[in-house]
Amino acid sequence: QVQLVESGGGLVQAGGSLTLSCAASGRTFSSSVMGWFRQAPGKEREFVAGISWSGVNTYYADYVKGRFTIARDNAKNMVYLQMNSLKAEDTAVYYCAADRRVAVATRSKEYAYWGQGTAVTVSS
């Protein structure tokens, strides 16, 4: 069982930066694949970034590649999403997700555990 709590969302101007954090509890965190997803109003939840349990392998959606960075600290049970060069279209509720699977998945249904989300608003 993994419990997830996101933080770090807020209002930022276009071109600015934010760092989201996800605090995880549970003994299986260090063996869990982690992902960040987002959901904008009226849209489906979409994959943003994922990271393997070791942190060695990372994956990004094309629309954030080069602007966002995912990282994890297994000693602190934390996952981070550094977001740079933010655009208005990045506005969404961002969710942290975890699953005890071998490889990073990009579909939300592949993740068993979810946080409550943190809202990011980018003003243009």
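- Among residue pairs with one or both ends in residues 31-64, none qualify as disulfide (SG to SG under 2.5 Å); sequence neighbours excluded.
- A donor-acceptor pair under 3.5 Å is absent between the side-chain atoms of Asp99 and the main chain of Val33, judged by distance alone.
- Phe47 meets the ring pair (Phe, Tyr, Trp, His ring centres under 6.0 Å) test with Phe37; sequence neighbours excluded.
- Closest approach of Ser124 and Ala88 over heavy atoms only: CB-CB, 4.2 Å.
- Residue pairs that meet the disulfide (SG to SG under 2.5 Å) test with at least one member in residues 33-70, sequence neighbours left out, do not exist here.
- Taking hydrophobic clusters as Ile, Leu, Val, Met, Phe, Trp and Tyr residues chained together by side-chain heavy-atom distances below 4.5 Å, Met34 does not share a cluster with Trp53.
- Looking at every heavy atom in both residues, Asn84 comes nearest to Ser17 through OD1-OG, 2.9 Å.
- Within the hydrophobic cluster formed by Ile, Leu, Val, Met, Phe, Trp and Tyr side chains joined at under 4.5 Å, directly or through other members, Tyr80 is accompanied by Met78.
- Residues satisfying the side chain to side chain contact (heavy atoms under 4.5 Å, CB included) test with Ala14, not counting sequence neighbours, are Val122.
- With hydrophobic clusters built from ILVMFWY side chains whose heavy atoms lie under 4.5 angstrom apart, Tyr111 does not share a cluster with Val79.
- In this view, Lys65 and Asp62 satisfy the side chain to side chain donor-acceptor pair (under 3.5 Å) rule, not counting sequence neighbours.
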Only pairs under 3.5 Å count here: list side-chain donor-acceptor contacts from residues 66-73, not counting sequence neighbours, and write none if there are none.
| from | atom 1 | to | atom 2 | distance (Å) |
| --- | --- | --- | --- | --- |
| Arg67 | NH1 | Ser85 | O | 2.9 |
| Arg67 | NH1 | Asp90 | OD2 | 2.7 |
| Arg67 | NH2 | Tyr63 | O | 2.8 |
| Arg67 | NH2 | Asp90 | OD1 | 3.0 |
| Arg67 | NH2 | Asp90 | OD2 | 3.4 |
| Arg72 | NE | Asn74 | OD1 | 2.8 |
| Arg72 | NH1 | Ser32 | O | 2.7 |
| Arg72 | NH1 | Ser52 | O | 2.8 |
| Arg72 | NH2 | Phe29 | O | 2.9 |
| Arg72 | NH2 | Ser32 | O | 3.0 |
| Arg72 | NH2 | Asn74 | OD1 | 3.2 |
| Asp73 | OD1 | Ala75 | N | 3.1 |
| Asp73 | OD1 | Lys76 | N | 3.3 |

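- When the side chain to side chain donor-acceptor pair (under 3.5 Å) test is applied to Tyr94, the partners found at least two apart in sequence or on another chain are Arg38.
- For Lys109, the side chain to side chain contact (heavy atoms under 4.5 Å, CB included) partners are Arg107, not counting sequence neighbours.
- Under the 4.5 Å side-chain criterion, counting only non-hydrogen atoms from C-beta, Thr118 is not in contact with Val93.
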Would you please test Leu81 and Thr19 for side-chain contact (heavy atoms from CB on, under 4.5 Å) and show each step?
-> CA-CA 6 Å; Leu81 185 68; Thr19 299; over 6 Å; no
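- Proximity of Arg100 to Ser31: side-chain heavy atoms (C-beta onward) are separated by under 4.5 Å at one or more points.
- Atom CZ of Arg45 is separated from atom OG of Ser108 by 6.5 Å, given to the nearest 0.5 angstrom.
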For residues 2-12, run the donor-acceptor check on the side chains, cut-off 3.5 Å, and write out each pair with its distance to 0.1 Å, sequence neighbours left out.
| from | atom 1 | to | atom 2 | distance (Å) |
| --- | --- | --- | --- | --- |
| Gln3 | OE1 | Ser25 | OG | 2.8 |
| Glu6 | OE1 | Gln116 | N | 3.0 |
| Glu6 | OE1 | Gly117 | N | 2.9 |
| Glu6 | OE2 | Cys96 | N | 2.7 |
| Glu6 | OE2 | Gly117 | N | 3.3 |

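- At a threshold of 4.5 Å between non-hydrogen side-chain atoms, the residues Trp36 and Ile51 do not count as touching.
- In this structure, the side chains of Val104 and Thr58 stay at 4.5 Å or more apart for every pair of heavy atoms.
- Linking ILVMFWY side-chain heavy atoms closer than 4.5 Å, directly or via other members, places Leu20 and Val64 in a single hydrophobic cluster.
- Tracing side-chain contacts under 4.5 Å through hydrophobic residues (I, L, V, M, F, W, Y), one never reaches Val120 starting from Trp114; they form parts of separate clusters.
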